[in-house]
Amino acid sequence: MKQVPRSFYRRDARLVAPELLNKILLASDGRAGRIVETEAYCGREDAAAHSFRGPTPRSAAMFGPPGHLYVYFTYGMHWCCNAVCGEGEGHAVLIRALEPLAGLDTMRARRPRVRGDRDLCNGPGKLTQALGIGKAHDGADLVKGNRGVRIVSDGTPPPRDPAVSARVGISKAMEYPWRWFVDAHPQVSGRRR
DNA sequence: ATGAAGATCAGA
DNA sequence: CTGATCTTCATC
């Protein structure tokens, strides 16, 4: 497994998001999945971003150093995780779906209602539940992995031609095509509109 | 102090 | 399509 250096994240989220595809999100106890769907959120120029109006207590991590995690709670029950990008401009990449790779038993235990393994991590709230990511990981360093979460590469390059679409579930700035996913994994990628 | 909206999910 | 569930932040 190769390390993904901090310089990888120190760029516009729209450049990082498609390149995060096929990298691996790793949790402390061996649970891991391949990233197959991402979305870019772009600070002050992006009305759909939590960072749009500048830093708040919730979005503080988005303005922090790149290569750290921004984790937020939404809809009264779900955690979502992002890789912070850029250099303090409030850019981040939302990780929306994983192809489960390891620790599937623990994932199933975390998501007891799920029938098939393909529903384990195919959504931003699902994958955090499967991997056990929550408030404790807000601000965690994905390069050092000192809070048990990191992103690595197994050498698989990002897709040469990732699928692109509008972002899912937003009500502002819907016109931007800032969602990328691995088209070759229809069974694990989230919704496909 | 208040309330509306929310980067979602599961089940009918 | 709807209900669940509760934090966050802008506004009053």
Side-chain angles (χ1 to χ4, degrees), chain A residues 9 12-21 25 33 35-64 66 68-86 89-100 107-140 142 149 151 162-182 187-193:
Chain A
Y9 301 97
D12 190 295
R14 287 158 292 200
L15 297 177
V16 178
E19 291 189 27
L20 268 177
L21 296 175
L25 180 61
I35 298 170
V36 295
E37 179 184 354
T38 58
E39 283 177 358
Y41 287 86
C42 303
R44 306 236 181 223
E45 70 174 282
D46 181 3
H50 292 161
S51 48
F52 181 55
R53 293 165 198 272
T56 64
R58 173 177 66 168
S59 67
M62 281 187 91
F63 291 90
H68 288 242
L69 210 53
Y70 164 50
V71 181
Y72 67 90
F73 184 67
T74 191
Y75 289 108
M77 54 188 90
H78 301 293
W79 297 95
C80 296
C81 72
N82 303 251
V84 175
C85 298
E89 320 136 43
H91 278 219
V93 174
L94 173 67
I95 299 175
R96 290 195 55 93
L98 303 176
E99 172 193 356
M107 293 187 194
R108 294 184 194 107
R110 278 280 190 156
R111 294 180 44 70
R113 310 175 120 138
V114 158
R115 288 179 152 274
D117 288 351
R118 78 181 198 182
D119 289 327
L120 243 23
C121 298
N122 61 342
K126 300 181 191 181
L127 69 93
T128 53
Q129 190 178 15
L131 295 207
I133 293 172
K135 181 166 181 64
H137 300 96
D138 188 33
L142 291 167
V149 188
I151 290 177
V164 186
S165 81
R167 294 175 292 180
V168 172
I170 54 174
S171 58
K172 297 169 230 159
M174 296 153 72
E175 64 272 26
Y176 302 117
W178 292 346
R179 171 176 179 245
W180 290 266
F181 53 101
V182 180
Q187 73 282 9
V188 291
S189 190
R191 49 191 102 164
R192 166 158 315 261
R193 14 178 204 190

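These figures come from a predicted structure and were not determined experimentally. Note: hydrogens, waters and symmetry copies are ignored here, and every other heavy atom, side chains too, is used. So you know, we letter chains A, B, ... as the sequences are listed, proteins then strands, and number each from 1.
- Place A/Val114 and A/Ser171 on DNA chain B by their nearest nucleotides, and A/Ser171 ends up nearer the 5' end.
- Taking CG from A/Leu94 and SG from A/Cys81, the interatomic distance works out to 7.5 Å, rounded to the nearest 0.5 Å.
- What separates CG of A/Asn122 from C1' of B/dA10 is a distance of 12 Å, to the nearest Å.
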**Asked** What pattern of brackets, bars and dots sums up DNA chain B from 5' to 3', given Watson-Crick or G-U wobble pairs under 3.5 Å, [ ] for crossing pairs and | for another strand?
**Response** ||||||.||||.

**Message:** If you apply the rule side chain to side chain contact (heavy atoms under 4.5 Å, CB included), what do you find for A/Asp12 with A/His91, and how did you get there?
**Reply:** CA-CA 7 Å; A/Asp12 190 295; A/His91 278 219; 3.4 Å; yes

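- Side chain of A/Arg96 to main chain of A/Glu37: no donor-acceptor pair is present (N/O by atom type, distance under 3.5 Å, no hydrogens or angles).
- Separating the CZ atom of A/Arg113 from the P atom of B/dA12 is a distance of 10 Å, rounded to the nearest angstrom.
- The ring pair (Phe, Tyr, Trp, His ring centres under 6.0 Å) search around A/Tyr176 returns A/Trp178, not counting sequence neighbours.
- Between the P atom of B/dA10 and the CZ atom of A/Arg118 lies a distance of 13 Å, rounded to the nearest Å.
- Per the geometry, OH belonging to A/Tyr176 stands 16 Å off C1' belonging to B/dA7, to the nearest Å.
- The separation between A/Leu120 atom CG and B/dC9 atom P is 13 Å, rounded to whole Å.
- At a threshold of 4.0 angstrom between heavy atoms, the contacts of A/Met62 include nucleobase atoms, whether or not backbone atoms are also involved.
- Residue A/Lys172 is the one, among A/Leu127 and A/Lys172, whose nearest nucleotide of DNA chain B lies closer to the 5' end (criterion: closest heavy atom).
- Counting to the nearest Å, the P atom of B/dC9 and the CD atom of A/Gln129 are 9 Å from each other.
- As judged by a 4.0 angstrom heavy-atom cut-off over every strand, A/Leu94 is placed among the base-contacting residues.
- In terms of phosphate contacts, A/Arg179 brings no side-chain nitrogen or oxygen within less than 4.0 Å of OP1 or OP2 of B/dA7.
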**Nucleotide-resolved protein contact map, nucleotides 6-12 of chain C, B/S/- at heavy-atom distance under 4.0 Å** = BSSSS--

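- Residue A/Glu39 is tested with A/Val168, A/Asn82, A/Val93 for a side-chain contact (heavy atoms from CB on, under 4.5 Å); the sole match is A/Val168.
- Here the side chains of A/Ser51 and A/Phe63 are in contact, with some heavy-atom distance below 4.5 Å.
- Residues A/Cys42 and A/Arg14 have side chains in contact (heavy-atom distance under 4.5 Å, counting atoms from C-beta outward).
- Using bins of under 30°, 30° to 60° and over 60° for the plane-to-plane angle, the ring pair A/Tyr72/A/His50 lands in the perpendicular bin.
- Checked against B/dA10, B/dG6, B/dT8, the side chain of A/Arg111 finds its nearest nucleotide in B/dA10.
- With A/Leu25 as the fixed residue, the side-chain contact (heavy atoms from CB on, under 4.5 Å) test singles out one of A/Leu20, A/Ile133, A/Leu69: A/Ile133.
- Taking atom CD1 of residue A/Ile170 and atom P of nucleotide B/dT8, one finds them 9 Å apart after rounding to whole Å.
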